[in-house]
There are 2 protein chains.
Amino acid sequence: MQKPEKNTDNGDQDRDFSVLFAALGDPTRLAIFDRLADGRPRSISALSDDADMTRQAVTKHLRVLEAAGLVQNHRVGRESQYAFCPDQLAEARAYLDQVAGRWESALMRLKTFVEDGEA
Amino acid sequence: MQKPEKNTDNGDQDRDFSVLFAALGDPTRLAIFDRLADGRPRSISALSDDADMTRQAVTKHLRVLEAAGLVQNHRVGRESQYAFCPDQLAEARAYLDQVAGRWESALMRLKTFVEDGEA
DNA sequence: TCATTATGCAACTAAAAAGTTGCGTATTTG
DNA sequence: CAAATACGCAACTTTTTAGTTGCATAATGA
């Protein structure tokens, strides 16, 4: 519990990926995102038809996804079309890959260490 | 907003990945998880030293990560060691890969459609 | 034009999450 | 043994999140 005033270093990592995961960390939102991955943009009403909650609730979820950059919105006529947005997904994947990579390296180092028998 | 009583089909997907993302969807938890990726198990106290919150708060976060299967815990002596657990990370990655894959396919189909000129 | 459809905004409730504090109990260690 | 360390449990407060309801407005279509 001691810290040098302010922790400005995220271990050479400038971005906060938790907001991305938080956006995907709700069953309704993940379902919507998953569904939009087929490439077809959908209106709020269309997306609400399959969710067992009000349109307003779905709207809020969509805004969370949009704020995270996982979907894009543009209005056409009277309806608001939400579309899949691949960039942040790619970033999330890259981050997880990087974590997995670090873990793998750690395993390798341990393996080498054991094989060389410096117990 | 109409549904056939109960939606038991997740589109051929049996698992709920949102719990995994929810576990990573908090800055403190993600930082802990990220840190443990170096392979070194750490005690609760050790992990609390870098977080600007109480030990109890960190304990709760660790339990969320553990419940999601992202870390493992085993007690040694008076301290409780938390260690990185790669399996669920792999699952999360696989899921995101699958979503990205579906998106790519959708792009391909659109491209072919346009190239063949059936406007 | 008039009813319908699609949406937005605001206020609200309810429930879950994040975090704290106090206290009790093992386990080390000097 | 006595102090210090590491932790667990339980109760509590605070903040966020999820979701609802009511109402207003813009766009469509018969």
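All values derive from a computational prediction rather than experimental measurement. Convention: sequence-line order gives letters A, B, ...; per-chain numbering from 1.
- No side-chain heavy atom of A:Leu47 sits less than 4.5 Å from a side-chain heavy atom of A:His61.
- Non-hydrogen atoms lying under 4.0 Å from DNA chain D are contributed by A:Asp26, A:Arg29, all within residues 18-36 of chain A.
- Between atom CH2 of residue B:Trp103 and atom CG of residue A:Leu36 there is a gap of 9.5 Å, rounded to the nearest 0.5 Å.
- Note: CD1 (B:Ile44) to P (D:dC9) measures 10 Å, nearest angstrom.
- To the nearest 0.5 Å, the span separating CG on B:Leu65 from CZ on B:Phe84 amounts to 10.5 Å.
- Here D:dT20 is the nucleotide among D:dG8, D:dT20, C:dG19 with the atom lying nearest to any side-chain atom of A:Lys60.
- The side-chain heavy atoms of B:Val58 and B:Ile32, taken from C-beta on, include a pair separated by under 4.5 Å.
- No more than 12 heavy-atom neighbours from other residues, nucleotides or ligands sit within 6.0 angstrom of CD on B:Gln72.
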Check: For every nucleotide of nucleotides 22-30 of chain D, 5' to 3': is a protein heavy atom under 4.0 Å from its base (B), only from its sugar-phosphate (S), or from neither (-)?
Finding: -----BS--

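- Per the geometry, CG belonging to A:Asp49 stands 14 Å off C1' belonging to C:dT7, to the nearest Å.
- Residues satisfying the side chain to side chain donor-acceptor pair (under 3.5 Å) criterion with A:Asp34, sequence neighbours excluded, are B:Tyr95, B:Arg102.
- One finds the CG atom of A:Leu20 at 10.0 Å from the CG atom of B:Leu30 (value rounded to the nearest 0.5 Å).
- The phosphate of D:dT20 (OP1 or OP2) has a side-chain N or O of A:Thr54 nearer than 4.0 angstrom.
- In this structure, CG in A:Asp49 is found 12.0 Å from CD1 in A:Ile44, a value given to the nearest 0.5 Å.
- We find that CG of B:Leu62 is positioned 14 Å from P of D:dC9, with the value rounded to whole Å.
- Phosphate proximity of D:dC9 to B:Arg63: present, with a side-chain N or O under 4.0 Å from OP1 or OP2.
- OP1 or OP2 of D:dT17 has not a single side-chain nitrogen or oxygen of A:His61 nearer than 4.0 Å.
- Here CZ of B:Phe17 is found 9.0 Å from CG of B:Leu96. Values are rounded to the nearest 0.5 Å.
- Across the protein-nucleic acid pair, B:Met53 atom CE and C:dT20 atom P stand 7 Å apart, rounded to whole Å.
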